[in-house]
Amino acid sequence: MKPYLRKIISKSLNQFNLSQKETPEIQLEKPNEPAHGDASSNIAMKLAGTLRDNPRNIAQKIVAGLEYDAKKVAAVEIAGPGFINFRYANTYLYDELATVLAQHSSFGQTDSLQGQKILLEFVSANPTGPLTVGHGRNAVLGDTIARLLEWTGAEVDREYYFNNAGRQMRVLGQSVRARYLEELGEDAAFPEGGYEGEYIKDIAHALVEEHDKDLADTDDISPFKEKAESLIFDDIRQTLERMNIEMNSYFNEHELYEDGSIDETVKTLRKKGLAYDKEGATWFKTTEFGKEQDTVLIKSSGEPTYRLPDIAYHANKLNRGYDQCIDIFGADHIATYPDVLSGIKVLGYDPEKVDVVVYQFVTIVKEGKPFKMSTRKANFITLDELMDEVGADVTRFFFLMRSPNTHLEFDIAQAKEAGEKNPVFYLQYAHARIHSILRKVEEEYDFTDDPLLDLLTHESEIQLIKTMIRFPEMIQSAAESREPHRLINFLNDLASDFTGFYHDCRILGEEKQLVQARATLARAVAQVLANGLGILGINAPEQM
RNA sequence: GCGCCCGUAGCUCAACUGGAUAGAGCAACGCCCUUCUAAGGCGUAGGUUACAGGUUCGACUCCUGUCGGGCGUACCA
């Protein structure tokens, strides 16, 4: 509908003989006041400056020049300082309702990103411990954005990037070794800053079962490290699967060393004069890109910092032919990605193709107090524990409810009592309730003719249809802005409008044709709820 | 110190990216189950959108400053 309105407005604007430059973008929005119609344009106000005329006069002229199809638009009004308000015709609403049913499980899909290949990198937690509630926001956000992009036509690959070398993993190996020796009854000094979690003991135990005492005398920590990595990764994969997340690939940072791209990256940076040696380390001249200080790429120990492989990794991704690469980062990485963008630009790639979604931290509230998590200190709540308590649906919903850009407060106690009052149930309940009604309708009626949708004239029915048909537009905006919470807000509105309809309009027991029309409407709503919940990765049960 | 993000109802958060009278959910209070699921609905109360300026037809949204919180500013990831 909006494209149609834009078209007719644009046509009417021809009367002013505006140049390309003078023609503002025609914005249409849904007024929050129903009295202001179904769509509203501020175009007259935008033009007031260039046309040097009163906005209401301009609006008059635009409206006078509008040619529209009465089957789509019922009325056009001028209101307030110069808004042009459109009211949709019911025939248009019935057509759209029919479209929902015709497209069923694909209603809401668009082709705006058709042909685009996107690589979405997320989670990317190193295998040093189980996924915690802190990782949850990243995981769920990434997966849901991927789903949104798929609904707008893109082909999305989900990738998990990790690094199994370096100091962290060394300490992990040492921690496992200490627990291993401990279990064998030998004296073992636990490494300073080691990983204290119970899961380390489980790994050690597995090693004892597998190798008995054979590893006790070796100084090599790699068997400990490798076992830890493999068991922890098994656990991570399982957690992700439970959350309805499936990765297409796991990318080991190590590959970048093996294929020489790390060396290549440094070489190129040097050649461009953007990398140099100082005090035994290799530095990246980030001051050239507006940073206050240069940053270290390779430490004097010879070990690269994470920035270097990060740059090489992004080059690698773009090299694989993706039109766009999206990263999901926590706020703590905010300072690093400008360096990555600078780096790949130097390497000859288009930084515009890299998009970073930064989400703010999750504050865990436990027993009414903020709770600081640390994987190392074993101060954490795992995603598995959370899902044991509230299930995967609530877990996903909780992380998606809020804008990525705000701090998310996660109250453990509140999440636990979620069975009673969690908002996700409101959506699932509406869906289940519709199916319950539809089951009864099927039992009692046998329809042979097509439904007469124009019997749907009640205010609640019209309202419900209007909300429902905004679905594709919502997906579009949620995908573009990478803000899944918009979809949740929309589904809440839809469920709420359905409940209004449910109270105002009975289905069972009415005259047969009306039963059919209303059941058809209800079916369409259930379809949209199911599609929306599907994008969120949440179940849409037919019974609760 | 500097950079990024945030500050909206008692609490947790929305507000279609500059639109018309700032909305939900919890919590509080008062109603509504012989009618398709009360995991629901209706109503009441709750606000100087942190504060002070500015930009314009119009500001929660943009610009400047102040205060408060988070994150970063590492030869840690």
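Lettering of chains follows the sequences in order, A, B, ..., and the numbering in each one begins at 1. These numbers were taken from a predicted model, which means no experiment stands behind them.
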With a non-hydrogen cut-off below 4.0 angstrom, is [X] in contact with a base, only sugar-phosphate, or nothing?
X: A/N489; value: sugar-phosphate
X: A/R486; value: base
X: A/N163; value: sugar-phosphate
X: A/L408; value: sugar-phosphate
X: A/E253; value: nothing
X: A/S481; value: base
X: A/N85; value: base
X: A/E279; value: base

Quote, to the nearest angstrom, the [atom1] distance that separates [N] from [M].
N: B/A39; M: B/G7; atom1: P; answer: 36 Å
N: B/G72; M: B/C76; atom1: P; answer: 16 Å
N: B/C29; M: B/C71; atom1: C1'; answer: 41 Å
N: B/G43; M: B/C5; atom1: P; answer: 40 Å
N: B/A22; M: B/G3; atom1: C1'; answer: 31 Å
N: B/A24; M: B/G46; atom1: P; answer: 15 Å
N: B/C60; M: B/A9; atom1: C1'; answer: 14 Å

Indicate whether any N or O donor in one side chain lies under 3.5 Å from an N or O acceptor in the other, for [X] and [Y].
X: A/T467; Y: A/D497; answer: yes
X: A/H314; Y: A/D327; answer: yes
X: A/Y276; Y: A/D294; answer: yes
X: A/R396; Y: A/T144; answer: yes
X: A/Q476; Y: A/T110; answer: yes

Taking any strand in view, what nucleotide pairs with [N] in a Watson-Crick or G-U wobble way, both distances under 3.5 Å?
N: B/U44; value: B/A28
N: B/G7; value: B/C67
N: B/U61; value: none
N: B/C33; value: none
N: B/U73; value: B/G1

**Message:** Taking the nucleotide of RNA chain B with the nearest heavy atom to each, does A/E29 or A/R402 sit closer to the 5' end?
**Reply:**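 First, find each residue's nearest nucleotide; the 5'-ward one identifies A/R402.
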
**Message:** Please compare A/P81 and A/K278 by the position of their nearest nucleotide in RNA chain B and report the one closer to 5'.
**Reply:**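 Looking at the nearest nucleotide for each, A/P81 comes out on the 5' side.
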
**Asked** Has the side chain of A/S40 got a donor or acceptor atom sitting under 3.5 Å from an opposite partner on the base of B/A20?
**Response**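 Check passes, donor-acceptor contact within cut-off.
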
Whole angstrom is fine here: how far is it from [atom1] in [X] over to [atom2] in [N]?
X: A/L47; N: B/C57; atom1: CG; atom2: P; result: 14 Å
X: A/F289; N: B/U73; atom1: CZ; atom2: P; result: 20 Å
X: A/N492; N: B/A24; atom1: CG; atom2: P; result: 12 Å
X: A/R307; N: B/C75; atom1: CZ; atom2: P; result: 9 Å
X: A/Y426; N: B/C13; atom1: OH; atom2: P; result: 22 Å
X: A/N405; N: B/G7; atom1: CG; atom2: P; result: 9 Å
X: A/D493; N: B/G25; atom1: CG; atom2: C1'; result: 13 Å
X: A/K46; N: B/U17; atom1: NZ; atom2: C1'; result: 11 Å

Quick one: closest heavy-atom pair of [X] and [Y], and the distance?
X: A/A519; Y: A/V441; value: CB-CG1, 4.2 Å
X: A/I26; Y: A/R6; value: O-NE, 3.0 Å
X: A/R56; Y: A/G80; value: NH1-O, 2.6 Å
X: A/A478; Y: A/L487; value: CB-N, 4.5 Å
X: A/E510; Y: A/Y445; value: O-OH, 3.9 Å

With a 4.0 Å limit, can you tell me whether [X] has a side-chain N or O closer than that to the phosphate oxygens OP1/OP2 of [N]?
X: A/H485; N: B/A15; result: yes
X: A/N32; N: B/A22; result: no
X: A/T406; N: B/A14; result: yes
X: A/Q293; N: B/A74; result: yes

**Request:** Tell me, please, whether A/F284 has A/R307 positioned over its six-membered ring: NZ or CZ under 6.0 Å from the ring centre and within 45 degrees of its axis?
**Result:**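 Not satisfied by the 6.0 Å and 45° rule.
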
**Prompt:** Quick one: which of A/K291, A/K285, A/K345 gives a salt bridge (charged side-chain N to carboxylate O under 4.0 Å, His left out) with A/D339?
**Reply:**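 Only one option passes, and that is A/K291.
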
**Request:** Determine, answering yes or no, if A/H36 is stacked on B/A20 under the 5.5 Å centre rule and the 30° plane rule.
**Result:**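 Yes, aromatic ring over the base.
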
**Prompt:** Mind telling me whether B/C4 is syn or anti, cutoff 90° either side of 0?
**Reply:**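 What B/C4 shows is an anti base, its glycosidic angle lying more than 90° from 0.
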
**Prompt:** Taking O4'-C1'-N9-C4 for purines and O4'-C1'-N1-C2 for pyrimidines, is B/U17 syn (within 90° of 0) or anti?
**Reply:**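 Syn, since the glycosidic angle lies within 90° of 0.
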
**Message:** From the set B/G19, B/A14, B/C75, return the single nucleotide nearest to any side-chain atom of A/K299.
**Reply:**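 The closest nucleotide is B/C75.
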
**Message:** Closest approach to the side chain of A/T499, judged atom by atom: which nucleotide of B/A77, B/G40, B/C5 is it?
**Reply:**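 Of the candidates, B/G40 comes closest.
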
**Message:** With the threshold set at under 4.0 Å for non-hydrogen atoms, list the residues of residues 328-337 of chain A touching RNA chain B in residue-number order.
**Reply:**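 Listed by number, they are A/A331, A/D332, A/H333, A/I334, A/A335.
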
Pairs under 3.5 angstrom, nitrogen or oxygen only, protein versus nucleotides 35-38 of chain B, please.
from: B/U35; atom 1: O2'; to: A/R506; atom 2: NH1; distance (Å): 2.9
from: B/U35; atom 1: O2'; to: A/R506; atom 2: NH2; distance (Å): 3.0
from: B/C36; atom 1: O4'; to: A/R506; atom 2: NH2; distance (Å): 3.4
from: B/C36; atom 1: O3'; to: A/K440; atom 2: NZ; distance (Å): 2.9
from: B/C36; atom 1: O2; to: A/I507; atom 2: N; distance (Å): 3.4
from: B/C36; atom 1: O2; to: A/L508; atom 2: N; distance (Å): 2.9
from: B/C36; atom 1: N3; to: A/I507; atom 2: N; distance (Å): 3.2
from: B/C36; atom 1: N4; to: A/Y502; atom 2: O; distance (Å): 2.5
from: B/C36; atom 1: N4; to: A/C505; atom 2: O; distance (Å): 3.1
from: B/U37; atom 1: OP1; to: A/S436; atom 2: OG; distance (Å): 2.8
from: B/U37; atom 1: OP2; to: A/K440; atom 2: NZ; distance (Å): 2.8
from: B/U37; atom 1: O2'; to: A/Y429; atom 2: OH; distance (Å): 2.1
from: B/U37; atom 1: O2'; to: A/R433; atom 2: NE; distance (Å): 3.1
from: B/U37; atom 1: O2'; to: A/R433; atom 2: NH2; distance (Å): 3.2
from: B/U37; atom 1: O4; to: A/M544; atom 2: N; distance (Å): 3.3
from: B/A38; atom 1: OP2; to: A/R433; atom 2: NH2; distance (Å): 2.6
from: B/A38; atom 1: OP2; to: A/Y502; atom 2: OH; distance (Å): 3.4

**Request:** In plain terms, say whether A/R270 and A/D277 are close enough for a salt bridge, that is, a side-chain N and a carboxylate O under 4.0 Å apart.
**Result:**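 A salt bridge is present here (some side-chain N lies under 4.0 Å from a carboxylate O).
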
